[in-house]
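Everything quoted here is computed from the prediction, not taken from an experiment.
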Amino acid sequence: MINWTSKNRIEIDGTSFKVAGWGSPLSKELQIMKEPFHITCYENLAAEVKTDSNIVELGIRTGASTAFFSMLFKPQKLSAIEIADSASEAFGEFMSTHSQAACISTHFNSDQGDVGMLKEILKKDFGDELLDVIIDDASHNFIPSLVSFNVLFPRLKPGGIFVIEDWSWEHFSESGGGPDYMVEKTTGFARLVLMATLASAYRPGIITKVVLQRGIAVIYRGQESLDPESFDINEQLGERGHALLASVPAVPFA
């Protein structure tokens, strides 16, 4: 499905993408701000997801990832949510000329931590339909990510997938393995991933499993019914889960 034409370029059904990690200079082409292992992870996940799926992507930056996901997953609807006011010119051209763009709905100036806005977008794009895949590559900070997780996770179908990309950034950066590009002493994704892991132990009917690699966490939705209006992952941990988290304070988003 994905054809690697060089070490940093891929092609899907005739559409070409440049693959460039964080900090790489932006180009005028569709440039996905991901490492090659991210691409491989998503190709493997695509094999688990039926076509005509419903997908939400939080954080699209250049928009190339949105184009990539639309080509890879062939969804019925892809709702792309971004806090900035625009994406790249290359993505604009994709949206105006490519047939696959018809499945994409973009929402700029949209904060993942705004509950009302998220619910409004879900209603507009999906009505009462459930979601198959959610990808969070937005703020990389715990509090807004927790807010959007609580809104979106209960909207997943049983067996649906919630991906947290770059979940390990704060620890990888501290070890010297990557750029310290986030606000100093701000709690990142890892706490949310730990909460999901504890919930999978305490409430396996809600989260069946959490699969971790260095830059990708994949959380699988269980069969248990959830109320989208009241769901809170913090209430799914049990006393021992809360005791464990008590030693990991969350620093507010700055």
List the atom pairs, with distances to 0.1 Å, where a side-chain N or O of residues 202-212 and a protein N or O form a donor-acceptor pair under 3.5 Å, not counting sequence neighbours.
from	atom 1	to	atom 2	distance (Å)
Arg203	NH1	Gln236	OE1	2.7
Arg203	NH2	Glu224	OE2	2.2

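Of all the heavy atoms in Thr197 and Ser200, the pair that sits closest is O-OG, 2.6 Å. Of all heavy-atom pairs between Ala46 and Leu72, the closest is CB-CG, 3.8 Å. Scanning both residues, Leu198 and Leu245, for their nearest heavy atoms gives CD1-CG, 4.0 Å. Between Asp111 and Gly113, the shortest heavy-atom contact is OD1-N, 2.8 Å. Between Cys103 and Gln76 the shortest heavy-atom distance is CB-O, 3.6 Å.
Ser139 and Gln112 are linked by a side-chain donor-acceptor pair at a separation below 3.5 angstrom, with hydrogens and angles left out of the test. Between Thr66 and Glu57, the side chains place a donor N or O and an acceptor N or O closer than 3.5 Å (distance only, hydrogens not considered). Side-chain N/O atoms of Ser6 and Asn8 include a donor and acceptor closer than 3.5 Å.
Note on Ile216: it clusters hydrophobically with Val133, by side-chain heavy-atom contacts below 4.5 Å among ILVMFWY residues. With hydrophobic clusters built from ILVMFWY side chains whose heavy atoms lie under 4.5 angstrom apart, Leu131 shares a cluster with Leu192. By the rule that hydrophobic residues join a cluster once side-chain heavy atoms approach within less than 4.5 Å of another member, Ile83 and Leu146 end up as members of separate clusters. In terms of hydrophobic clustering, with Ile, Leu, Val, Met, Phe, Trp and Tyr side chains grouped at heavy-atom distances under 4.5 Å, Ile10 and Met1 are assigned to a common cluster. Hydrophobic clustering (ILVMFWY, side-chain heavy atoms < 4.5 Å, transitive): Leu78 and Ile39 are in one cluster.
The shortest side-chain heavy-atom distance between Leu30 and Ile32 does not fall under the 4.5 Å cut-off. Here the side chains of Val115 and Asn150 are not in contact, with every heavy-atom distance at 4.5 Å or above. In this structure, the side chains of Lys34 and Phe17 stay at 4.5 Å or more apart for every pair of heavy atoms. Annotation: side chain of Val56 is not in contact with side chain of Ile121 (no heavy-atom distance under 4.5 Å). Side chains of Gln31 and Ser88 form no contact here, defined as non-hydrogen atoms less than 4.5 Å apart. Two residues are said to be in side-chain contact when any heavy atoms from C-beta on lie closer than 4.5 Å; His242 and Asn234 meet this criterion. You'll find the side chain of Ile60 reaches within 4.5 Å of the side chain of Phe108, heavy atoms only.
When the shell of 6.0 Å around CD of Glu11 is examined, it contains more than 12 heavy atoms from other residues, nucleotides or ligands. Counting non-hydrogen atoms of neighbouring residues, nucleotides and ligands closer than 6.0 angstrom, the NZ atom of Lys50 exceeds 12 such neighbours. Within a 6.0 Å sphere centred on CG of Asp232, other residues, nucleotides and ligands contribute more than 12 heavy atoms. The environment of CD in Glu43 is crowded: more than 12 heavy-atom neighbours from other residues, nucleotides or ligands sit within 6.0 Å. For Arg9, the CZ atom counts as densely surrounded, since its 6.0 Å shell holds more than 12 non-hydrogen atoms of other residues, nucleotides or ligands.
In terms of modelled atom types and a separation under 3.5 Å, the side chain of Glu82 and the main chain of Ala84 share a donor-acceptor contact. Between the side chain of His38 and the backbone N or O of Met33 there is no donor-acceptor pair closer than 3.5 Å. A donor-acceptor contact shorter than 3.5 Å is absent between the side chain of Asn141 and the backbone of Ile143. The closest donor-acceptor contact from the side chain of Asn54 to the backbone of Pro75 lies at 3.5 Å or more, if one exists at all.
Within the model, atoms CD1 of Ile161 and CD1 of Ile55 stand 9.5 Å from one another, a figure rounded to the nearest 0.5 Å. We find the CG-OG distance between Leu118 and Ser110 to be 8.0 Å, quoted to the nearest 0.5 Å. Expressed to the nearest 0.5 Å, how far NZ of Lys123 lies from NZ of Lys119 amounts to 12.0 Å. Here the CD1 atom belonging to Ile135 is positioned 11.5 Å from the CD1 atom belonging to Ile81, to the nearest 0.5 angstrom. Here Asn109 contributes atom CG and Met117 contributes atom CE; the two are 8.0 Å apart, rounded to the nearest 0.5 Å. Note: Leu122 CG to Leu152 CG = 5.5 Å, rounded to the nearest 0.5 Å.
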Problem set entry | Worked check of side-chain contact (heavy atoms from CB on, under 4.5 Å) between Ser145 and Asp136 | CA-CA 8 Å; Ser145 300; Asp136 186 350; 3.7 Å; yes
Problem set entry | Audit row: Ile2, Phe68, side-chain contact (heavy atoms from CB on, under 4.5 Å) steps and yes/no | CA-CA 10 Å; Ile2 295 177; Phe68 166 70; 3.9 Å; yes
For this session: Evaluate the side-chain contact (heavy atoms from CB on, under 4.5 Å) criterion for residues Phe231 and Phe149: first the C-alpha distance (whole Å), next the side-chain angles of each, then the deciding distance (0.1 Å), finally the verdict.
Result: CA-CA 10 Å; Phe231 176 77; Phe149 185 89; 4.1 Å; yes
Problem set entry | Verdict with reasoning, Glu129 to Lys77, per salt bridge (Lys or Arg N to Asp or Glu O under 4.0 Å) | CA-CA 11 Å; Glu129 292 185 18; Lys77 173 67 76 173; over 6 Å; no
For this session: Go through the steps to decide whether Leu58 and Ser148 satisfy the test side-chain contact (heavy atoms from CB on, under 4.5 Å), and finish with yes or no.
Result: CA-CA 9 Å; Leu58 299 170; Ser148 55; 3.7 Å; yes
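A side chain to side chain donor-acceptor pair (under 3.5 Å) with Lys74 is found for one member of Asp13, Asp52, Thr51 and no other, namely Asp13.
Applying the side chain to side chain donor-acceptor pair (under 3.5 Å) test to pairs two or more places apart or on separate chains, those with a residue in residues 91-100 are Thr15-His98. Annotation: salt bridge (Lys or Arg N to Asp or Glu O under 4.0 Å) contacts involving residues 140-163, sequence neighbours excluded, comprise Asp132-Lys157.
The aromatic rings of Phe162 and Phe153 are tilted relative to each other, their planes meeting at an angle between 30° and 60°. In this pair, Phe94 and Phe91 present their aromatic rings parallel. The plane angle is below 30°, not in the 30 to 60° band. Under the 30°/60° scheme for interplanar angles, the aromatic rings of Phe189 and His140 are found to be tilted.
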